[in-house]
Amino acid sequence: MDPGIWSKLPPELLELILSFLPLKTLLNLRSTCKHFKSLVFSPSFISKYSSASLFSSFFLLSHPQCYSNFPLYDTTRGAWRKLALPLSFLPPSAAQFNLLSSCNGLFCFSLPNSSSFLVCNLLAKSSRPIQFPFFPFAFEMLTLVSTPHGYKIFLLCSKFSSNYAFVYDSKVHSWRQFDGFQPLLADNFHQEGASFNGSLYFATPEPFSVVCFDLENGKWENLDTEMPRELTFVRLVSNTDEGKLYMVGGIGRNGISRSMKLWEMGDGGNWVEVERLPELMCRKFMSVCYHNYEHVYCFWHQDMICVCCHTWPEILYCKVSRRTWHWLPKCPSIPDKWSCGFRWFSFVPDLYTLA
């Protein structure tokens with residue numbers, strides 16, 4: 001650590017050495033000098049750091065009884081951690097908050113007591129409060145979507161017996177109101193829209209179909225695609241990095257699923273079967289959700305399609321590249337008395353995404 005040696009290192013070599021530091025140590029360097037502070041937020045260094053040390057990615061669990069402390073499963077290292085939410089992000093009036101959605105390193109919370117949402121990047125320590133379009137404001141199916149110039153928030157709202165769609169654009173810091181879709185899109189309000197080609201895709205209740213909402217012009221469209229037969233429930237999930245749309249569905253009769261399959265949207269707009277859940281795993285999943293499929297929701301997380309149940313603390317996931325299914329057991333710190341209210345999110349820390 002001789003200063004005479006370190007001071008003579010070329011800048012690119014010093015950056016390469018720093019890129020191997022643990023994330024916590026790297027962030028602590030911000031307070032030592034202006035150069036390190038600007039370096040940590042440099043896109044070129046972030047790219048170099050990501051390739052050298054590989055930012056961990058996480059499954060994050062939200063539950064009504066884990067207020068401000070969220071269990072994290074590190075999918076890179078295969079270990080459990082805890083995330084304590086920095087309450088300094090919250091307005092003084094925020095006595096209650098609920099985690100609703102995550103995307104590209106950002107989280108979206110609702111703050112009912114202050115009639116607002118809060119979008120924050122915990123890693124970059126940036127946040128932005130967003131007031132409800134009006135009050136009182138009842139909403140459902142909120143989805144946070146990353147865009148090239150920021151992010152958008154989509155939600156449905158029932159007002160005066162009519163259904164409306166609202167979209168918040170971080171680029172202009174304002175809400176826009178559009179017509180909703182009748183009837184209601186799904187019987188599962190834990191499921192978010194699947195972002196695909198600039199639109200959000202939703203599954204309708206029986207008879208099952210797929211509709212999409214263009215986030216730019218606010219137009220709704222029914223997809224003219226043939227759905228698989230004998231579906232008992234349908235969930236959509238997307239891989240935005242590769243531009244792929246997937247469908248998870250139960251197969252059976254009389255509303256009882258006997259199997260579960262995974263399909264991918266083909267080039268011709270048809271559904272192509274990708275994988276079937278093994279029988280024993282299917283039996284377990286159907287038993288833990290008690291064939292009450294309104295509690296089932298799905299999300300994408302780095303080559304994994306995660307299938308979860310609002311009443312069960314484990315994650316069933318499919319490694320898409322390998323076409324294998326696995327269970328992630330429940331967090332050992334979760335008390336056995338916890339029951340309904342389990343909500344999992346994908347958390348991929350990103351220093352460069354600002355709220």
Side-chain angles (χ1 to χ4, degrees), residues 54-61 73-79 102-104 188 190-197 200-203 208 210 223 225-253 256-289 291 293 295-310 312-330 342 344-348:
L54 293 177
F55 274 130
S56 291
S57 64
F58 304 90
F59 293 134
L60 181 145
L61 174 61
Y73 180 77
D74 189 328
T75 59
T76 304
R77 295 175 173 83
S102 67
C103 181
N104 201 27
N188 174 14
H190 309 301
Q191 180 66 38
E192 302 180 13
S195 178
F196 180 63
N197 290 341
L200 285 179
Y201 285 70
F202 302 89
F208 298 111
V210 176
L223 258 65
T225 179
E226 183 178 354
M227 301 292 283
R229 296 183 178 182
E230 299 185 329
L231 288 170
T232 54
F233 71 89
V234 172
R235 301 291 180 261
L236 300 176
V237 64
S238 61
N239 176 359
T240 55
D241 292 335
E242 298 183 7
K244 293 184 178 181
L245 182 66
Y246 296 94
M247 179 170 69
V248 177
I251 301 294
R253 293 183 179 180
I256 302 298
S257 296
R258 301 302 179 189
S259 64
M260 192 165 74
K261 295 182 179 181
L262 173 66
W263 296 267
E264 180 183 342
M265 175 69 76
D267 295 334
N270 57 317
W271 292 107
V272 180
E273 185 176 330
V274 175
E275 192 57 53
R276 176 194 293 260
L277 180 64
E279 183 178 355
L280 290 179
M281 301 181 81
C282 184
R283 287 182 182 179
K284 175 180 176 178
F285 184 79
M286 298 308 169
S287 66
V288 299
C289 67
H291 295 285
Y293 309 121
H295 294 305
V296 177
Y297 61 96
C298 301
F299 63 90
W300 176 268
H301 177 84
Q302 296 192 318
D303 191 45
M304 289 179 273
I305 294 177
C306 304
V307 188
C308 309
C309 184
H310 194 58
W312 193 251
E314 299 181 32
I315 295 179
L316 173 66
Y317 65 93
C318 176
K319 291 283 289 184
V320 177
S321 60
R322 299 179 183 177
R323 297 192 177 185
T324 56
W325 293 86
H326 310 269
W327 279 103
L328 174 67
K330 81 168 199 174
F342 299 101
W344 292 94
F345 297 88
S346 170
F347 177 29
V348 183

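These values consider heavy atoms only, across backbone and side chains, with no hydrogens, waters or symmetry-generated copies.
Considering only residues two or more places apart in sequence or on other chains, E314 meets the salt bridge (charged side-chain N to carboxylate O under 4.0 Å, His left out) condition with K284. Residues satisfying the side-chain hydrogen bond (donor to acceptor under 3.5 Å, both in side chains) test with R229, not counting sequence neighbours, are none. Considering only residues two or more places apart in sequence or on other chains, S257 meets the side-chain hydrogen bond (donor to acceptor under 3.5 Å, both in side chains) condition with T232, Y293. With sequence neighbours excluded, no residue forms a ring-ring contact (aromatic ring centres under 6.0 Å, His included) with W312. Considering only residues two or more places apart in sequence or on other chains, Y201 meets the ring-ring contact (aromatic ring centres under 6.0 Å, His included) condition with F196. Scanning for side-chain hydrogen bond (donor to acceptor under 3.5 Å, both in side chains) contacts around S102 gives an empty result, with sequence neighbours left out.
Considering M247, E275, M227 in turn, M247 is the only one that fulfils the side chain to side chain contact (heavy atoms under 4.5 Å, CB included) rule with W263.
Residues M265 and K244 form no side-chain contact, since every pair of their non-hydrogen atoms from C-beta on lies 4.5 Å or further apart. Counting only heavy atoms from C-beta outward, the side chains of L277 and L316 approach each other to under 4.5 Å. At a threshold of 4.5 Å between non-hydrogen side-chain atoms, the residues R283 and E279 count as touching. With contacts defined as side-chain heavy-atom distances shorter than 4.5 Å, the pair R323/V274 qualifies. A 4.5 Å side-chain heavy-atom check between M260 and F285 finds at least one atom pair inside the cut-off. Within the 4.5 Å cutoff, no side-chain heavy atoms of C308 are placed close to those of V296. For the pair P228/K261, no side-chain contact is recorded, criterion being any heavy-atom separation below 4.5 Å from C-beta on. Inter-residue side-chain proximity for V210 and W271 is flagged as met; some heavy-atom pair is nearer than 4.5 Å.
Relative ring orientation between W344 and F59 is described as perpendicular, the plane-to-plane angle rising above 60° on a 0-90° scale split at 30° and 60°. The aromatic rings of Y246 and W300 lie parallel to each other, their planes meeting at an angle below 30°, with 60° marking the opposite boundary.
Note that CZ of R258 and CZ of R253 are 11.0 Å apart. Values are rounded to the nearest 0.5 Å. The distance from atom CG of D241 to atom CD of Q302, rounded to the nearest 0.5 Å, is 8.5 Å. Expressed to the nearest 0.5 Å, how far CD1 of I256 lies from CD1 of I251 amounts to 14.0 Å. Here the CE atom belonging to M304 is positioned 9.0 Å from the CG atom belonging to L328, to the nearest 0.5 angstrom.
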* In sequence, state the C-alpha distance, the side-chain angles, and the governing distance for I305 and V320, and then conclude on side-chain contact (heavy atoms from CB on, under 4.5 Å). => CA-CA 7 Å; I305 294 177; V320 177; 3.8 Å; yes
* To do: Kindly indicate, with the supporting measurements, whether the criterion side-chain contact (heavy atoms from CB on, under 4.5 Å) is fulfilled by H301 and T75.
  => CA-CA 10 Å; H301 177 84; T75 59; 3.5 Å; yes
* Asked: S195 and S238: side chain to side chain donor-acceptor pair (under 3.5 Å), yes or no, with the steps?
  -> CA-CA 6 Å; S195 178; S238 61; 5.2 Å; no
* To do: Apply side-chain contact (heavy atoms from CB on, under 4.5 Å) to E192 and F345, showing your working.
  => CA-CA 11 Å; E192 302 180 13; F345 297 88; 4.2 Å; yes
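When atom types are taken as modelled, the side chain of E226 and the backbone of N270 share no donor-acceptor pair closer than 3.5 angstrom. Side chain of Q191 to main chain of L236: a donor-acceptor pair is present (N/O by atom type, distance under 3.5 Å, no hydrogens or angles). Formation of a donor-acceptor pair under 3.5 Å by the D303 side chain with backbone atoms of S321 is found in this model.
When all heavy atoms of W325 and P278 are compared, the pair lying nearest together is CD1-CD, 3.5 Å. Counting all heavy atoms, side chain and backbone alike, S57 lies closest to T76 at N-OG1, 3.5 Å. Closest of all the heavy-atom pairs between C306 and I315 is CB-CG2, 3.9 Å.
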